[in-house]
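Written out below as structure tokens is the structure these notes cover.
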Number of protein chains: 2
Amino acid sequence: MDLTERKKRILRAIIESYIQSAEPVGSKAIASSIGMEVSSATIRNEMADLESLGLLEKPHTSAGRIPSPKGYRFYVNELMEEHKLSLQETERINQALRLKMQELDRVLDQAGRVVSQLTNYPAFALSSGMSRVTIRRFDLLMVEHNAFIIVVMTDTNVVRNRLIRLPTDLTEAQLQMLNTLLNATFTGLPLDEITPELMRVAQHAAGEAYGLISLVVSFAMEVLESLEQRTVHTSGIAHLLELPEYRSLERAQPLLSYLSEDADPGRFPVPKDAAMKILIGPENVADALKDTSVVVASYDIGEGMRGVIGVVGPTRMDYAKITARLSYLAEGLSRLFGHGELPGGSDDHK
Amino acid sequence: MDLTERKKRILRAIIESYIQSAEPVGSKAIASSIGMEVSSATIRNEMADLESLGLLEKPHTSAGRIPSPKGYRFYVNELMEEHKLSLQETERINQALRLKMQELDRVLDQAGRVVSQLTNYPAFALSSGMSRVTIRRFDLLMVEHNAFIIVVMTDTNVVRNRLIRLPTDLTEAQLQMLNTLLNATFTGLPLDEITPELMRVAQHAAGEAYGLISLVVSFAMEVLESLEQRTVHTSGIAHLLELPEYRSLERAQPLLSYLSEDADPGRFPVPKDAAMKILIGPENVADALKDTSVVVASYDIGEGMRGVIGVVGPTRMDYAKITARLSYLAEGLSRLFGHGELPGGSDDHK
DNA sequence: TTTAGCACTCATACTACCTGAGTGCTAAAG
DNA sequence: CTTTAGCACTCAGGTAGTATGAGTGCTAAA
């Protein structure tokens, strides 16, 4: 798509004005914007051209123009200038990283919350799923004669635990034996290779304590399952209502519902390749997002995992500012995790 | 407050009709409701009486009456009949308990989600904080020569863990020594008794490995902190928009914002004494809830902790149905935890 | 190629008006 | 003393007509 320099300037002026005001912008407004030395009629002609190129749209005959998704795409790809974060902004993000991540108990969730506060848009956060996780090791810790703790660690260095109480007593030796057996039999296996036969063999080998095998293994399977299935966290969805485009409930409700019904992930786009991705309007797969834009960034969690944070908003969102903030934050998160400092690949929580 | 039998019947009819329709109910409607053998004029007189008692209100002169908060309170206390759960309803709840709690990684959160689905109202869930939790035991598990897992267990039987990587290597013996030292020094202490002096003494005793002490202990402190500080989870807030009273954004927005800004707990009422509590309109402390009703139930999590789940809705919510469902679910949760079955006092999660 | 002028479009706001549900009061009937 | 019928009155909500003004496309002149 080749445009004259003037057309580009006009398009950009329109888009940036619309991003600010959410109102269709007319030829007069552009003509009087500084640096435009032509009359409104000329602008009108140019705008007509831009419209026939599919970059602009008219809500109705006698309104100004608004950018089309294609227009935003062109803007994002070619017109948009890098937004420089102000010192205050970077400071605010750094502070959020420091402050939040200390007391953080769920990294992802918290990251999403920070993004939402930072951008004033609803945000979502998820971990990019890793398939074929396996258990690397089991540890059984005796607590009392009738209670012990299972600790499992995966090959991605995630550690999970559970306290188990028993109706019967148990000796330290039995627990040791069980521990060895588990490590010998069930480590290194992905979820779908933990078969009932395998279980039966192990239970046979366990002798008296055969019942415990299934307890521990099913916990391990739960862990594997929960890791393969990503969960999404959304936050700040109430921000939507502050935007003029969502002042009417008909518009707001479907999107709100879509964002707040957790559970099934995969509803949100995940950048496979790039670190950052912008999806404008109909570029989104999900129907509920067809009228919105999504900006996603991914960051390195370490241990082969990636975290994904994203922002959902109207197509007229301030891409320059949002991408700047998001990428700065994502970098910060990468660094934070990269250091292997605080949360590492571990977990803590509740 | 003493009312004639007829006044009670009328009040009840009005409230139940309003709960259904959300529209002011007039004298005619009541008169023609079966079992009322008097004319609308008589009803009007009675309604005027009920209004002067503060049990009813008029939105404006020529509309019907709506119940006042006081009216609802009277209804809840004296008029409401026990709602019997249908077989389908109990089955649905049981199923939710079974299904959801299996794959559950955050009990509270999930409980809230179930409630919201069950009632079609926004729900919140939190654990009633327990003060003065202490660490019962530490376990350090060697993973590699430069990495180990901390597992701590509190006296309330919550288990948490974290993976620690080190820049230097570590011998099994050192880890053992550290483990013993930790258990000797830091168990049985509430958060505020873990003083810097204590740390210094322990670090001195640890010799070479003194740096690890602070790592492990600060993790333990994090755990204690996170347990004393309750967190809230809200879910299903989009359900609000389905209700006629929140079809206008002015009404909906403040409440939505209130519900979705997580972080500070204590925003939600917690039943101190009873198992179930109903707060109607102005009975709520929080300003944002002055126009809403809240129904909360608490359930036994075991190990001295209680969970709290609650529902937020308009004052005209169907108290009979909601309380029935909530208390059945709370019982189910109590039983589920009581058995020490699945999640027990433990944790797993992400 | 640019500009001024002009007729035309159409969403939005405003006004006036009507309708109907519901009320309170009064006076008669039980 | 209670209940009922009748009637005037109130008032939110809907409908219709009208004005306003921002913005457009087209034409013709610069």
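Here is the naming used below: chain letters follow the sequence lines, and residue numbers restart at 1 for every chain. Just so we're clear, the structure is a prediction, and the values are computed from it rather than from any experiment.
You'll find that the side chain of B/Ser27 is closest to C/dT23, out of C/dT23, D/dT24, C/dT3. For A/Ala41, whose side chain is taken as the heavy atoms from C-beta onward, the closest listed nucleotide among D/dT10, C/dA4, D/dA22 is C/dA4. Checking D/dG25, C/dG24, C/dT3 against the side-chain heavy atoms of B/Glu51 singles out C/dG24 as nearest. Listed nucleotides C/dC25, D/dC26, C/dT3 differ in distance to B/Arg44; the shortest reach to its side chain belongs to C/dC25. Nearest to the side-chain atoms of B/Thr61 among the listed nucleotides D/dC11, C/dG24, D/dT24 stands D/dC11. Listed candidates were C/dT2, C/dG24, D/dT24. Nearest to the side chain of A/Met47 is D/dT24. With distances taken from any side-chain atom of A/His60 to the nucleotides C/dA11, D/dT4, C/dG22, the minimum falls on C/dA11.
In this structure, B/Ile10 atom CD1 and D/dT2 atom C1' are separated by 13 Å, rounded to whole Å. When the C1' atom of D/dT2 is taken as reference, atom CD of B/Glu37 falls 17 Å away, rounded to whole Å. One interatomic measurement links the two molecules: CD of A/Glu57 to C1' of D/dG23, which rounds to 17 Å at whole-angstrom precision. Between the P atom of D/dT24 and the CG atom of A/Asp49 lies a distance of 14 Å, rounded to the nearest Å. The CZ atom of A/Arg6 sits 12 Å away from the C1' atom of C/dT3 (whole-angstrom rounding). Spacing between atom CG of B/Asn45 and atom C1' of C/dA27 amounts to 13 Å, rounded to whole angstrom units.
Around atom NZ of A/Lys58, more than 12 heavy atoms belonging to other residues, nucleotides or ligands sit under 6.0 Å away. Heavy-atom neighbours of B/Glu242 CD from other residues, nucleotides or ligands within 6.0 Å: above the threshold of 12.
Residue A/Lys58 is in sugar-phosphate contact alone, with no base atom involved, counting any heavy-atom pair closer than 4.0 Å across all strands shown.
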Can A/Leu243 and A/Arg316 be said to form a side-chain contact (heavy atoms from CB on, under 4.5 Å), step by step?
CA-CA 11 Å; A/Leu243 301 167; A/Arg316 70 168 181 94; 4.1 Å; yes

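Residue-to-nucleotide contacts include no donor-acceptor pair under 3.5 Å from the side chain of B/Ser39 to the base of D/dT4. A donor N or O paired with an acceptor N or O is not found under 3.5 Å between the base of C/dT2 and the side-chain atoms of A/Thr42.
Rounded to the nearest 0.5 Å, atoms CD (A/Glu57) and CD (A/Glu51) are 8.0 Å apart.
Base pairing annotation: D/dA28 forms a Watson-Crick or G-U wobble pair with C/dT3, both donor-acceptor distances under 3.5 Å. Nucleotide C/dC18 forms a Watson-Crick or G-U wobble pair with D/dG13, both donor-acceptor distances falling under 3.5 Å.
For A/Glu283 (side chain) and A/Ile280 (main-chain N/O), a donor-acceptor pair under 3.5 Å exists by modelled atom type.
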